[in-house]
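These notes are about the structure you will find just below.
Chain naming here is simple, since letters A, B, ... match the order of the sequence lines and numbering starts at 1 in each. Computed from a predicted model, the values in this text were never measured in an experiment.
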There are 2 protein chains.
Amino acid sequence: MPELPEMANLARQMNRELKGKVVAGVEVRQPKVLNGPEEQFRGLVLGKAFDAVRSKGKWVMAELLPDAHFLLSLGMGGEALYHRAGEVLPERYQVKFTFSDGDSLTINFWWFGYAHAVRAADLGAHRMTAELGLSPLDDSEFTYDAFTAVLEGRKGGIKSFLMDQKNIAGIGNVYIQEILWNARLHPNRRITDIEPAQMQVLFKEIRDTLRKATDLGGLIYERDLYNQKGRYEIYYLGAADGKAVCPMCGAKIEKLKSAGTPSYICPTCQK
Amino acid sequence: MPELPEMANLARQMNRELKGKVVAGVEVRQPKVLNGPEEQFRGLVLGKAFDAVRSKGKWVMAELLPDAHFLLSLGMGGEALYHRAGEVLPERYQVKFTFSDGDSLTINFWWFGYAHAVRAADLGAHRMTAELGLSPLDDSEFTYDAFTAVLEGRKGGIKSFLMDQKNIAGIGNVYIQEILWNARLHPNRRITDIEPAQMQVLFKEIRDTLRKATDLGGLIYERDLYNQKGRYEIYYLGAADGKAVCPMCGAKIEKLKSAGTPSYICPTCQK
DNA sequence: AGTTGCAACAGGGA
DNA sequence: CTCCCTGTTGCAAC
């Protein structure tokens, strides 16, 4: 489940490691992860040099000079791993870049990931990245005013709102549990039913939760560019087996379905 | 509640009474019931002769020679009344046609009706009539095959399907109660959950219910072109006050909300 | 654990 | 008892 914290760290590491590297070889084992014919992808990537690598929501966006961008989404799970020349590569990957110095990058999707390449002029037409909403860790963009502005007029449940990437970019079904528990909000709580004071708390918890997870290197069961685990532990670990209790009140964590996906809540703390 | 039976009878009566009559005068008291500026409506109607008058779904469609059509929907209630020259007109109406022989037609909407006029060439662009679905009393059109064809792939509740004018034209929130009770189907019953044998029954009851009501001159509380009441009595009369019982089993008729509108069902007979 | 697109559903307004 | 529009929700697909 790579969400904003994992992808932000991955982008930072890729930016440090790959900037200036020239793509000498591309291997695509599963062309359906691309956004077009394999030949077009190769044409956009081969011979190009990685420049600034950033993240936006659950996407890593790398500039390829000249004239292209490489866009990576790990979907429902996967890793992007960096390998020094001569290191043993993992057996399983869908896409591999080899650089002119012999280093390489393997990208593995457990399920439904995207490795896209676009011309620089077409970046704005790449809807999955172009239509992303607010970046929660950008303090100049994610202000309380901006947050309430996108909330304006919305009437649905708070979980489905926060998970919609067009509203806020980067929250998936793992961190939403943390955020809502931290804010003491039930996932089915109607937006129109949340008091301003509580909305302020929610705003703060979105930022703080994602920032803390990013600072801790992401989730404890995810891997970064160097195949290192993160140190952020989710509070409801084991809830799927009915073994988790609320760290605040000790009540048993309950599983329910909300916005189409499973949710885990403390029935006493979250209203 | 003028639905298919009332409108079919109204069209038949108008066809008999108005064919050949020339529109000598038009009075529009409430221009918002028109589909354009009042002057345009007058231009399309004045001096024209009524020709064939037919019905389709809840609409009466009259040919005006040359080159126009008059389209009438009584919405949530109302009457179209014919008056011989010299008769006293009702006080309340939104639109009145006066014919060259002194006879007249008054149209009264209780709520949300439409009196539209279009050029013959624009009839196909009049979406509210052009997009109507199957005509249940047209035996060559409303076959069981055609019925199952529009049902193909649908997964919602049966009531919302039958009330959608794009599927079958003419069923409103009155006759749907009769049809579903006759077919022993609960309004919320999933389409995918209805056995073929029961679907056959439903098909038959759509036809038979609407045909019987048409033959009886429509609902007992509606008025035809000659201000005469119909003779079709709904089975759940008084259900809104909790006073109706099922004619079959004697259980109290229950009120519930289905597809956004009230429904009345026998809790034991309709599953 | 992800996103898209579509059908189904509900609410408000004319 | 009408219809249309819009936003929301649920589902199947990739």
May I ask you to establish whether A:Arg29 and A:Tyr93 are in a cation-pi arrangement, using a distance under 6.0 Å from NZ or CZ to the six-membered ring centre and at most 45° from the ring axis?
yes

Grab the NE2-P distance between B:His116 and D:dT2 for me, whole Å please.
17 Å

Here the distance between atom C1' of C:dT4 and atom CE of A:Met76, to the nearest Å, is 14 Å

By nearest heavy atom, map A:Glu131 and A:Pro262 onto DNA chain C; which one lands nearer the 5' end?
A:Pro262

Out of D:dT2, D:dC4, C:dG2, minimum distance to the side chain of B:Met128 belongs to D:dC4

For A:Asp164 and D:dT8, give me the distance from atom CG to atom C1', rounded to whole Å.
11 Å

In whole Å, what is the span from the CG atom of B:Asn35 to the P atom of D:dC3?
16 Å

Regarding A:Ser73, tell me which of base, sugar-phosphate or nothing describes its non-hydrogen contacts under 4.0 Å with the strands shown.
nothing

If I take atom CH2 in residue B:Trp111 and atom C1' in nucleotide D:dC3, what distance separates them, rounded to the nearest angstrom?
14 Å

Looking at residues at least two apart in the chain, or sitting in another chain, which of them share a side chain to side chain donor-acceptor pair (under 3.5 Å) with B:Glu131?
B:Arg127

Just wondering, do B:Phe112 and C:dA14 stack (centres under 5.5 Å, planes under 30°)?
yes

Would you please name every residue forming a ring-ring contact (aromatic ring centres under 6.0 Å, His included) with B:Phe109, sequence neighbours left out?
none

Can you tell me the distance, in whole Å, between the CZ atom of A:Arg127 and the P atom of C:dG2?
20 Å

Establish, with yes or no, whether the OP1 or OP2 oxygen of D:dC14 is under 4.0 angstrom from a side-chain nitrogen or oxygen of A:Lys32.
no

Using only heavy-atom distances, determine whether the side chains of A:Tyr175 and A:Glu6 contain a donor-acceptor pair under 3.5 Å.
yes

Look at the side-chain N and O atoms of A:Lys257 and state whether any lies under 4.0 Å from the OP1 or OP2 oxygen of D:dG10.
no

In terms of side-chain heavy atoms, does B:Tyr236 have a donor or acceptor partner in B:Glu178 at a distance below 3.5 Å?
no

Between atom CZ in A:Phe109 and atom P in C:dT3, what is the gap in whole Å?
13 Å

Close aromatic pair by centroid cut-off 6.0 Å: B:Trp59 and B:His69
no

Quick check on the 6.0 Å ring-centre criterion: do A:Tyr235 and A:Trp181 meet it?
yes

Filtered N/O pairs between nucleotides 7-10 of chain C and protein, under 3.5 Å:
residue: C:dA8; atom: OP1; partner: B:Lys155; partner atom: N; Å: 3.0
residue: C:dA8; atom: OP2; partner: B:Arg154; partner atom: NH1; Å: 3.4
residue: C:dC9; atom: OP1; partner: B:Gly157; partner atom: N; Å: 3.4
residue: C:dC9; atom: OP1; partner: B:Arg190; partner atom: NH1; Å: 2.9
residue: C:dC9; atom: OP1; partner: B:Arg190; partner atom: NH2; Å: 2.9
residue: C:dC9; atom: OP2; partner: B:Ser160; partner atom: OG; Å: 3.0

Rounded to whole Å, please give me the gap between CH2 in A:Trp59 and C1' in C:dT3.
9 Å

